[in-house]
Amino acid sequence: MLAHDLNVDLHMHSTASDVVVAPADLAVRGAANGLHLMALTDHDTIDGLGQAEEAARDLGIEFLNGVEISVSWGGVTLHLVGLGFDRESLALQAGLQGVQTSRLERARAMDDSLVKHGMPSVFDHAMSYAGNPALIGRTHFARALVAEGICKGMQEVFDRYLTPNKPGYVPHEWARLRSAMDWIISAGGTPVLAHPARYKLTDTAHWALMQEFMQLGGRALEVSTGSHSLDDTRRYQRLSVELGLHASRGSDFHSPTESRCDVGLAPALPDGTSPVWAGWAH
Ligand code: AMP
Ligand code: MN
Ligand code: MN
Ligand code: MN
C-alpha cells in the first residue's frame, strides 16, 4: 500500500501527561479505527511509551516512540514533536527532566494567581487529574474549573482564565528551540513542528521560525491535525511543498469529549505532500 493511503496517527496523549485515557487504551481506540502506525506523543515525557508500544504490538499496529516538547520561542510557546528516537537516550531524558521540574512551580503560581483574582484554590483538584504530578498543566486546571462549575466547558476556561493576560495564566520559560531539537536529533529522532497554525506570530516571525526550524534540522510540518481548520491544512500543505519539508498527520487526541478527532481519525494528508512516515511504515 502507498504510504499516503495508510492510516497513521503521529500525535496523541495519555495519562502520562494530560489525558484520562491510558497508553494501552489509545492503541485499542486506534485499532477500532483501523490504525496502521501510531506514535504516542505526551507533553514533555516519554513515560507512557513502553505500555503503548506493547499494546500496539499486540493489536498489530506499528509503533514509533514520540514526545511533544514545550518550547519558548519569540515570546510564544511552540510545540515540537519528536518521532522515532531511541528512548534510552540520556540527553533526551535529561532534557525532558528539566522541562518537567518547572511545571510544579508554575502550577502553584497559576493557583496563587487565580486565588488573587477571587477564585477558590483548585490546586489539589487539578492535581487529582494528573496521572503524573510532574506533568501538571493547564489541562488539569481546566478540568477542575469545569468540575467545580466555574466554567461550562474546556474552551470557556481557556478563553476566560488560562490564556495570556487572563487571571490563571503564568508566563513560563519552556525549553529553547535549539535544545529541544538537539535532544530529538541526538537520540536519532525526527523533529516535526506541531500544529503550526496555532501560533500567534506575525508573518515575519512565522517565516523566521520556518527558517530556524529547518536550519536546526527540522524535517516536517504537522499538516493534518485535529488542531487545524481545512484552510490551515491547505496552507501548510502548500508550505511543506514549498520548503521541501515532509508532512505529518496526528489527531492530537486528548479525550473523547475534549478532542476534535479520535485516534486515527484526523483528516487525511492532502495529495502532493510527502508523508514523514514513508520510511517507517511497512
Ligand atoms: P500546558 O502545557 O500546561 O501549557 O498546557 C497546554 C495544553 O492545554 C495543550 O496541550 C492542550 O491540551 C490544552 N489547551 C491549550 N489551549 C487550549 C484550548 N484553547 N482549549 C482546550 N485545550 C487547550
Ligand atoms: Mn495537551
Ligand atoms: Mn500541542
Ligand atoms: Mn498535543
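One-based numbering, in listed order, for ligands and for the atoms of each.
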Report the part of [X] in contact with ligand 1, treating N, CA, C, O as backbone and CB onward as side chain, heavy atoms under 4.0 Å; options are side chain, backbone, both, neither.
X    : answer
H43  : side chain
H172 : neither
L162 : neither

Which residue owns the protein heavy atom closest to atom 12 (O) of ligand 1, what's the atom, and how far is it?
H254 NE2, 2.8 Å
Which residue and heavy atom of the protein sit nearest atom 6 (C) of ligand 1, plus the separation:
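Ranking protein heavy atoms by distance from atom 6 (C) of ligand 1, first comes R138 NH2, 3.7 Å.
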Out of D42, V67, L40, which residue meets the side chain to side chain contact (heavy atoms under 4.5 Å, CB included) rule with S17?
D42
Give the atom numbers and elements of ligand 1 that come within less than 4.0 Å of a heavy atom of [X].
X    : value
G137 : 3 (O)
T139 : 7 (C), 8 (O), 11 (C), 12 (O), 13 (C)
Q155 : 18 (C), 19 (N), 20 (N)
R106 : 1 (P), 3 (O), 4 (O)

Verify side chain to side chain contact (heavy atoms under 4.5 Å, CB included) between L64 and W277, making sure each step is shown before the conclusion.
CA-CA 10 Å; L64 274 180; W277 59 82; 5.6 Å; no
Can you tell me if, anywhere in E68, an N/O/S atom lies at a distance from the Mn ion (ligand 3) that is smaller than 2.8 Å?
yes
Answer yes or no for H254: is there an N/O/S atom below the 2.8 Å cut-off from the Mn ion (ligand 2)?
yes
Using heavy-atom distances only, which candidate in W174, F141, F158 approaches atom 16 (N) of ligand 1 most closely?
F158
Assess R103 for proximity to ligand 1: is some non-hydrogen atom of it under 4.0 Å away?
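So R103 counts as touching ligand 1.
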Report the name of the N/O/S atom of H79 located nearest to the Mn ion (ligand 3).
ND1
Name of whichever N/O/S atom of H195 is nearest to the Mn ion (ligand 3)
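Of all N, O or S atoms in H195, the Mn ion (ligand 3) lies closest to NE2.
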Ring-face cation contact, F63 with R57, 6.0 Å cut, 45° max:
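Ring-cation test returns no.
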Is the count of non-hydrogen atoms from other residues, nucleotides or ligands lying under 6.0 Å from E54 atom CD greater than 12?
no
Any donor-acceptor pair under 3.5 Å linking the side-chain atoms of [Y] with those of [X]?
X    : Y    : result
T190 : R219 : no
H172 : S102 : yes
S229 : D232 : yes
D9   : S251 : yes

For the atoms OD2 of D18 and NE2 of H43, give the angle they form at the Mn ion (ligand 2), rounded to 10 degrees.
100°
E68 and H13: side chain to side chain donor-acceptor pair (under 3.5 Å), yes or no, with the steps?
CA-CA 9 Å; E68 183 176 22; H13 300 270; 2.9 Å; yes
Indicate the ring-plane relationship of Y236 and H206, choosing parallel, tilted or perpendicular according to the 30° and 60° boundaries.
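It falls in the tilted class, 30° to 60°.
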Would you say the side-chain atoms of N33 pair up with the backbone N or O of G264, donor to acceptor, closer than 3.5 Å?
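Side chain of N33 to backbone of G264, a donor-acceptor pair under 3.5 Å: no, none is there.
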For S70 and ligand 1, does the shortest N/O to N/O distance drop below 3.5 Å?
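Among all N and O atoms of S70, none is under 3.5 Å from an N or O of ligand 1.
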Contact (N/O only, under 3.5 Å) between R198 and ligand 1
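The answer is no, given that R198 and ligand 1 share no N or O pair closer than 3.5 Å.
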